[in-house]
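Structure first, then comments.
Throughout, residue positions are numbered sequentially from 1 according to the sequence presented.
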Amino acid sequence: MPVVDVFEEHRPMLLGLAYRLLGSMWDAEDVVQEAWLRWQGADRDGVREPRAFLVTVVSRLALDQLRSARVKREAYTGPWLPEPVLTSDAGPLDTAELRDTVAYATLHMMERLSPPERAVFVLREAFELPYGEIAEIVGLSVVNARQLHRRASVRLADGRDRFRPSSEEHAELLATFMRAAGDGDLAALTDLLHEDIVAYNDGGGRVRAALRPILGRGKVISFLSGLLSRFGYTDGRLVEANGLPALAARVGEHWQLVLIDVRDGRISEIYAVLNPDKLARVRLN
C-alpha cells in the first residue's frame, strides 16, 4: 500500500487520539501533520505495525505539546475550556469508551490530570492498549502505568454518575433548558439545575465572559437571569458536539456553544464556549 494511503487510513484515529490528549483540534492537527512528516522520513521496512508506530509518534508529540500548553493555559484569560468539535469530526466512536473519552465533560475533567496520567488513561480507556505498550510509549514501568491509570480513573469518576443519561435524555434536558432560558422561566431553570452546579464561561479575552467559575444554583440562576435580561437570547438550536447534543445560541451579538454534564438527573455543569477561535469548527453561523 502506498505510504500516503497507509497514513490516511489511520488519520481519523490519530486525530481522535491527539484531540483527547490535547483538548484542542487545532493542536491535534499540528501533531498529526508532524507525525505525517516523521512517517514519510521513517525506515518503514523496519516498521512491522504501522498503526502502533503512528500511535506512538502521535502520543509522544502530543505529550510534549501538552506539557508546554499547560503553562499557557494557566495564563489564559478566564477559565480555559476545551475546543468543542462536531461529533462527525471527532474520529471513530465505535465503542462506549471512545465516546466517553471524547465527551466534553470528560475532556474538561482530564485537565486535572498530569500529562502522563492523561496519556495512560486515554491510551488504555479509549484505545485499549496493553499496559506494556503504554509504558513504552509514555516512558514508564508497567507497574507505574497501572498505578497512573488507576489514579486517573478514580479522579475522573469522583462526583460523576455511574450511569450516564442516554443521548435522547441528554437532548431532552438541553431542549427543556433552551425553552426555559428563552422564556426567562427562572422556576423551570431552577428545577433543571443541580444544587451544586458549576458554570464555566470561556471568552478567552476575545468576548466578555465571567472570569471565574460560578458556583451553586442560586448564583448560576442570578447570572443567567442577568445575562438574558441584558443581552437577550436568539437562534437557539441543538447541534451534535463531542458525541452528545449541545446548545448553539446567540446571546447579544455573539454566538456561543453550551455543553452540559448531568448528575442525579439534573444539570451539574454548564460549559459556555464564547471564544470565537474555539467555535470555528462547529460552524454555528
Side-chain angles (χ1 to χ4, degrees), residues 1-74 80 82-95 97-99 101-102 106-107 110-111 113-142 144-146 148-149 152 242-243 277-278 280-281:
M1 185 181 294
V3 58
V4 65
D5 291 346
V6 173
F7 190 86
E8 289 303 318
E9 177 185 353
H10 296 296
R11 180 185 287 274
M13 178 272 295
L14 297 173
L15 275 172
L17 169 59
Y19 175 65
R20 286 169 174 82
L21 291 175
L22 295 167
S24 164
M25 190 59 79
W26 293 106
D27 292 338
E29 288 180 337
D30 288 345
V31 162
V32 172
Q33 180 60 27
E34 178 63 26
W36 159 244
L37 297 176
R38 296 195 181 194
W39 172 245
Q40 282 184 303
D43 178 10
R44 290 181 297 279
D45 291 338
V47 176
R48 296 177 58 185
E49 294 287 345
R51 183 182 188 276
F53 175 88
L54 291 169
V55 165
T56 298
V57 171
V58 166
S59 298
R60 289 176 176 171
L61 288 170
L63 262 173
D64 289 342
Q65 188 153 326
L66 183 59
R67 290 185 177 103
S68 62
R70 285 167 69 89
V71 176
K72 297 177 183 177
R73 291 171 190 179
E74 289 174 359
W80 186 93
E83 176 195 352
V85 295
L86 294 176
T87 296
S88 57
D89 296 336
L93 297 176
D94 303 327
T95 67
E97 291 77 15
L98 281 168
R99 295 188 74 86
T101 52
V102 85
T106 304
L107 287 173
M110 282 199 287
E111 288 296 309
L113 305 179
S114 68
E117 284 176 335
R118 186 166 183 163
V120 169
F121 181 80
V122 168
L123 291 170
R124 182 65 177 175
E125 290 291 316
F127 297 92
E128 301 179 330
L129 266 62
Y131 283 112
E133 290 185 27
I134 295 172
E136 184 176 350
I137 290 171
V138 183
L140 302 167
S141 68
V142 172
N144 284 342
R146 290 181 182 274
L148 288 187
H149 178 255
N242 291 78
D277 294 338
K278 294 185 178 182
R281 297 174 190 279

- Note on the structure: All heavy atoms of Val102 vs all of Ala90, minimum pair found to be CG2-CB, 4.0 Å

- Contacts of Arg70 meeting salt bridge (Lys or Arg N to Asp or Glu O under 4.0 Å) (sequence neighbours excluded), chain-then-number -> none

- Counting distance only, does the side-chain N/O of Trp36 pair as donor-acceptor with the main-chain N or O of Arg11 below 3.5 Å? no

- Can you see which heavy atom on Ala119 is nearest to which on Val138, and at what distance? CB-CG2, 4.1 Å

- Note on the structure: Distance col, row Tyr19:OH vs Leu107:CG, nearest 0.5 angstrom, shows 5.0 Å

- Message: Donor-acceptor check, side chain of Arg281 to backbone of Val85, threshold 3.5 angstrom: yes or no?
- Response: no

- Message: Looking at Thr56, is its backbone amide N or carbonyl O close enough to the side chain of Ser59 to form a donor-acceptor pair, meaning the two atoms are under 3.5 Å apart?
- Response: no

- Query: Between CE of Met25 and CG of Leu86, what distance do you get to the nearest 0.5 Å?
  - Reply: 9.5 Å

- Message: Determine whether Val57 and Trp39 satisfy the following criterion, side-chain contact (heavy atoms from CB on, under 4.5 Å), listing intermediate values before the conclusion.
- Response: CA-CA 9 Å; Val57 171; Trp39 172 245; over 6 Å; no

- Separation between CD of Glu34 and CZ of Arg60, rounded to the nearest 0.5 Å: 14.0 Å

- Task: Check side chain to side chain donor-acceptor pair (under 3.5 Å) between Glu111 and all other residues, then give those that pass, not counting sequence neighbours.
- Result: Arg73, Arg118

- Item | Cation-aromatic face contact Lys278/Trp80, 6.0 Å, 45 degrees | yes

For residues 122-133, run the donor-acceptor check on the side chains, cut-off 3.5 Å, and write out each pair with its distance to 0.1 Å, sequence neighbours left out.
unit_1	atom_1	unit_2	atom_2	d
Arg124	NH1	Leu129	O	3.0
Glu125	OE2	His149	NE2	2.7
Tyr131	OH	His149	ND1	3.0

- Message: Measuring only between side-chain heavy atoms, which start at C-beta, is Val120 closer than 4.5 Å to Leu140?
- Response: yes

- Can you tell me how far CG of Leu21 sits from CG of Leu17, rounded to the nearest 0.5 angstrom? 5.0 Å

- Task: Hey, could you give me the CG/CD distance between Asp27 and Glu83, rounded to the nearest 0.5 Å?
- Result: 8.0 Å

- How far apart are the closest heavy atoms of Val58 and Ala18, and which atoms are they? CG1-CB, 3.9 Å

- Does the side chain of Trp26 reach to within under 4.5 Å of the side chain of Asp277, using non-hydrogen atoms? no

- Item | Atom CD of Glu97 with >12 non-hydrogen neighbours under 6.0 angstrom | yes

- Task: Kindly compute the distance separating CG (Leu15) from CZ (Arg20), expressed to the nearest 0.5 Å.
- Result: 10.5 Å

- Message: Give me the atom names and distance for the closest heavy-atom approach of Pro116 to Leu63.
- Response: N-CD2, 4.0 Å

